[in-house]
**Student:** 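If you scroll down you'll find the structure; I have some questions about it.
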Amino acid sequence: MRNWVLGGLAAGSLLVMLLTIAAVDDMWSAGGVVGVLTLLTMSLMFGGLPGLAIGALIGALRKRAATRFQPAFPQSAPFHQQPPVPQFPTPSPPMGVPATHAGPTDRWGAMVGRCELSVRRVAAAAATVPPSPGAEWLNRIVGQFTAELNDVRRIADLGRALEATAQDHPVSQRLAAAVKDFTAFEDEAGRVALRLVEQPDLASARVHLEMLEQQVPNLAQG
């Protein structure tokens with residue numbers, strides 16, 4: 001609105017000044033200073049003030065029209081001015097949970113997984129035995145039992161390489177026997193661990209530990 005007011009004032013004053021100069025040629029010959037003052041006064045009174053009023057009126061009308069057509073809802077910011085979407089980090093797995101490594105999902109991998117399960121169960125059972133010479137002996141047996149998993153995996157790899165799908169294939173029969181041996185040793189180790197929990201002295205558990213050590217699966221000699 002201010003631009004329209006100032007523009008009207010300037011336009012009106014300029015228009016009247018030009019008309020006055022064109023109409024009154026004797027003003028400049030009468031006197032320099034008096035003529036200039038008279039010209040400015042007439043321009044302001046007969047052109048500037050009406051131009052000021054007209055500019056104010058036009059500015060008010062435009063402002064009213066802009067207010068009428070203003071949208072009811074605020075416009076959203078342009079796409080390049082939109083606030084960035086916050087990025088949240090991917091949650092990490094809980095502490096203490098080991099990462100799982102998926103192996104082959106064929107029947108060879110299933111039999112290897114069953115032997116690995118027996119080893120984990122026997123190790124967990126040995127961990128429940130209170131510290132004692134009998135517990136140390138049992139942990140050594142668990143170490144021997146765990147080492148047999150290497151031979152189990154080798155037999156499974158051999159059967160997979162030969163594509164020995166028949167149940168009566170020697171590799172299939174050997175690995176199936178290993179699964180039975182590992183399961184049976186798991187049960188026996190659990191009974192010995194229970195005896196050591198109830199009677200941790202070595203004298204009462206020596207015989208059972210000796211028998212358990214002899215029952216560790218030995219696939220290399222099987």
**Student:** Looking at every heavy atom in both Val112 and Arg153, which two are closest together, and how far apart are they?
**Tutor:** CG1-CG, 4.0 Å
**Student:** Return the minimal non-hydrogen interatomic distance between Leu219 and Asp151, and the atom names on each side.
**Tutor:**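 Minimum heavy-atom separation between Leu219 and Asp151: CB-CB, 3.8 Å.
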**Student:** For Glu188 and Arg191: C-alpha separation, side-chain torsions, deciding distance, then whether salt bridge (charged side-chain N to carboxylate O under 4.0 Å, His left out) applies.
**Tutor:** CA-CA 5 Å; Glu188 186 63 26; Arg191 285 189 287 268; 2.7 Å; yes
**Student:** What distance do Leu138 atom CG and His208 atom NE2 have between them, rounded to the nearest 0.5 Å?
**Tutor:**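 One gets 13.0 Å once the value is rounded to the nearest 0.5 Å.
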**Student:** Between Phe182 and Leu117, does a side chain to side chain contact (heavy atoms under 4.5 Å, CB included) hold up when you go through it step by step?
**Tutor:** CA-CA 9 Å; Phe182 272 66; Leu117 178 61; over 6 Å; no
**Student:** Considering non-hydrogen atoms only, spot the tightest contact between Gln173 and Gln167 and give its length.
**Tutor:**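 Distance-wise, the nearest heavy atoms are CG-O, 3.6 Å.
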**Student:** Rounded to the nearest 0.5 Å, what's the gap from CZ on Arg160 to CD1 on Ile155? Could you check?
**Tutor:**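 Output value for this atom pair is 12.5 Å.
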**Student:** Which pair of non-hydrogen atoms, one from Arg174 and one from Asn218, has the smallest distance, and what is that distance?
**Tutor:** NH2-O, 4.2 Å
**Student:** Any link between Leu175 and Leu162 through a network of hydrophobic side chains (Ile, Leu, Val, Met, Phe, Trp, Tyr) touching at under 4.5 Å?
**Tutor:**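 The answer is yes; both residues are in one hydrophobic cluster.
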**Student:** Specify the closest pair of heavy atoms between Leu209 and Ile141, including all atoms of both residues, with the distance to one decimal.
**Tutor:** O-CD1, 3.6 Å
**Student:** Taking it one step at a time, do Arg206 and Met211 satisfy side chain to side chain contact (heavy atoms under 4.5 Å, CB included)?
**Tutor:** CA-CA 9 Å; Arg206 179 182 297 275; Met211 292 180 59; over 6 Å; no
**Student:** Do Ser172 and Arg107 get their side chains close enough for a donor-acceptor pair, meaning under 3.5 Å?
**Tutor:**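 Yes, Arg107 and Ser172 have a side-chain donor paired with an acceptor closer than 3.5 Å.
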**Student:** Tell me, do Glu213 and Phe145 make a side-chain contact under 4.5 Å, heavy atoms counted?
**Tutor:** no
**Student:** Nearest 0.5 Å please: distance from the CG atom of Asp181 over to the SG atom of Cys115.
**Tutor:**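 The SG atom of Cys115 is 8.5 Å from CG of Asp181, to the nearest 0.5 Å.
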**Student:** So, for Leu196 and Pro130, which heavy atoms are closest and what is the spacing to 0.1 Å?
**Tutor:**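 In terms of heavy atoms, the two residues are closest at O-CD, 4.5 Å.
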**Student:** Within this structure, what is the CD-CG distance for the pair Gln144 and Leu212, rounded to the nearest 0.5 Å?
**Tutor:** 9.5 Å
**Student:** Working note: Arg114 + Glu186, criterion salt bridge (charged side-chain N to carboxylate O under 4.0 Å, His left out); need CA distance, chi angles, decisive distance, verdict.
**Tutor:** CA-CA 11 Å; Arg114 184 60 186 87; Glu186 174 189 337; 3.6 Å; yes
